[in-house]
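Structure first, then comments.
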Amino acid sequence: MRLAFFAGLVVLCVLGLSSTAIGVSDISWGTLLSAEPGGQSMQLLLVSRLPRTFAIVLSGAALGMAGLIMQMIARNRFVEPSTAGTSESASLGVLAITLVAPDASLFSKMVCAASFALAGTTVFLLILRRIPLRSALVVPLLGLILGSVIDSVTTFFAYRFDLLQSLSAWTVGDFSSVLRGRYELLWGAFALTALAYLAADRFTLAGMGEAFATNLGLDYRKVVMLGLVIVSMVTAAVVVTVGMIPFLGMVVPNIVSMAFGDNARRSLPWVALLGAIFVLACDIVGRVVRAPYEIPVGMIAGVLGSALFLVLLRKRAARAS
């Protein structure tokens, strides 16, 4: 498994270098090595290409981790920020602070978006407690319904105050506007990913149910609240910086769980690695298919993620039968 993880790191590095080299302006490594430190090619690399690659890797790793935590808290394999109303709540929070304080900093927008995301996710979990669930598919269905309601409210107010164009930037994952100085919030998401790894054993116990975790001496409510705060802040950081990337937090943890089971400590590094690889691959495809134009990563991830989601549904149905 160490060899396989090392191979995954090699793939990540190759995709990262490819992503850095692809773009409208041709940047060859020979040109960079022979260029002056303050030359145009070097400036393009440091200001645009490297920050974009870092943002892609950090977003993929953080959203994969957030999806894994949500699946353990909800005890359902088909839950992630985009199927639980979390991402839509974060967008509503960004819209709210844009209306109240248009000149607010990115950090202030992230805090407001995280607060709304936490509230929306809490509402989702409260609904799950009150509705008897007869099928695992009912849970994501409820999340999609809740997310649609929140998205409708957001769209209404965006239309009312002529902010529909700005709303599209928060709802479609797009890395084309990432520059140095506008993606650093994602390093905070990476720190939260490290915090989640430190608390991985607690999340594993929480995923076994409240009664079982309490019998083992775990403060179930505190662990759940910690997980919700981490998920909300990660989702808010990604939405504020690049927008939504759907299905990532559901597909990647499911693929990893097929190989490693439900042990969060063992799964989290793989979830982070495969999440980063998935987003990098989607970004490269989006920039190559219609070059020199660009397809947003959120659209590519939505198409691939929905296809993989259907495959996972068929496998679950086959196991049930």
Residue pair Thr83, Phe78: steps toward the side-chain contact (heavy atoms from CB on, under 4.5 Å) verdict: CA-CA 8 Å; Thr83 61; Phe78 300 119; 6.0 Å; no

Parallel, tilted or perpendicular: rings of Phe190 and Trp187 (30°, 60°):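 If you compare the ring of Trp187 with that of Phe190, the planes turn out perpendicular.
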
Parallel, tilted or perpendicular: rings of Trp270 and Phe5 (30°, 60°):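 Answer is perpendicular, since the angle exceeds 60°.
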
If Ile, Leu, Val, Met, Phe, Trp and Tyr residues are connected whenever their side-chain heavy atoms lie under 4.5 Å apart, and connections chain through other members, are [X] and [Y] in the same group?
X	Y	result
Val153	Ile150	yes
Val123	Ile145	no
Val288	Val297	yes
Val239	Leu179	no
Leu144	Phe247	no

Spacing of [atom1] belonging to [X] relative to [atom2] belonging to [Y], to within rounding of 0.5 Å:
X	Y	atom1	atom2	result
Leu273	Phe278	CG	CZ	14.0 Å
Leu192	Leu186	CG	CG	11.0 Å
Leu218	Met208	CG	CE	10.5 Å
Thr122	Met225	OG1	CE	5.5 Å
Leu142	Phe124	CG	CZ	6.5 Å
Met72	Ser267	CE	OG	6.0 Å

For [X], is the [atom1] atom crowded, meaning more than 12 foreign heavy atoms sit under 6.0 Å from it?
X	atom1	result
Tyr159	OH	no
Tyr220	OH	yes
Arg202	CZ	no
Met233	CE	no

Verdict with reasoning, Asp283 to Arg52, per salt bridge (Lys or Arg N to Asp or Glu O under 4.0 Å): CA-CA 10 Å; Asp283 178 69; Arg52 176 176 180 142; 2.6 Å; yes

Criterion side-chain contact (heavy atoms from CB on, under 4.5 Å) on Arg129 and Leu125, from CA distance to verdict: CA-CA 6 Å; Arg129 286 179 175 269; Leu125 293 178; 5.6 Å; no

Please name the pair of heavy atoms, one in [X] and one in [Y], separated by the smallest distance, quoted to 0.1 Å.
X	Y	value
Leu280	Gly16	CD1-N, 3.9 Å
Leu268	Ala200	CD1-CB, 4.0 Å
Ala236	Ala90	CA-CB, 4.4 Å
Val79	Ala84	CG1-CB, 4.1 Å
Met299	Ile295	CB-CG2, 4.2 Å
Val252	Val271	CG1-O, 3.6 Å

Please answer whether the main-chain N or O of [Y] pairs with a side-chain N or O of [X] as donor and acceptor at a distance below 3.5 Å.
X	Y	answer
Ser19	Leu15	no
Gln71	Ala66	no
Ser89	Ala117	no
Thr241	Val238	no

Quick check: do [X] and [Y] have side-chain heavy atoms less than 4.5 Å from each other?
X	Y	result
Leu185	Phe107	yes
Met244	Val172	no
Asp174	Val242	no
Phe156	Ser152	no
Val57	Ile277	no
Thr121	Met70	yes
Ser91	Asp151	no
Leu50	Arg180	no

Tyr183/Ser59 under side-chain contact (heavy atoms from CB on, under 4.5 Å): CA gap, chis, key distance, verdict: CA-CA 10 Å; Tyr183 83 101; Ser59 299; over 6 Å; no

Arg265 to Tyr197, cation-pi by 6.0 Å centre distance and 45° axis angle: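 Flagged: Arg265 positioned over aromatic ring of Tyr197.
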
Derivation and outcome, side-chain hydrogen bond (donor to acceptor under 3.5 Å, both in side chains), residues Ser108 and Ser105: CA-CA 5 Å; Ser108 300; Ser105 63; 3.1 Å; yes

Evaluation steps, side-chain hydrogen bond (donor to acceptor under 3.5 Å, both in side chains), between Thr235 and Ser87: CA-CA 6 Å; Thr235 304; Ser87 299; 5.2 Å; no

Check against side-chain contact (heavy atoms from CB on, under 4.5 Å), Phe203 and Leu226: CA-CA 9 Å; Phe203 291 130; Leu226 174 63; 4.2 Å; yes

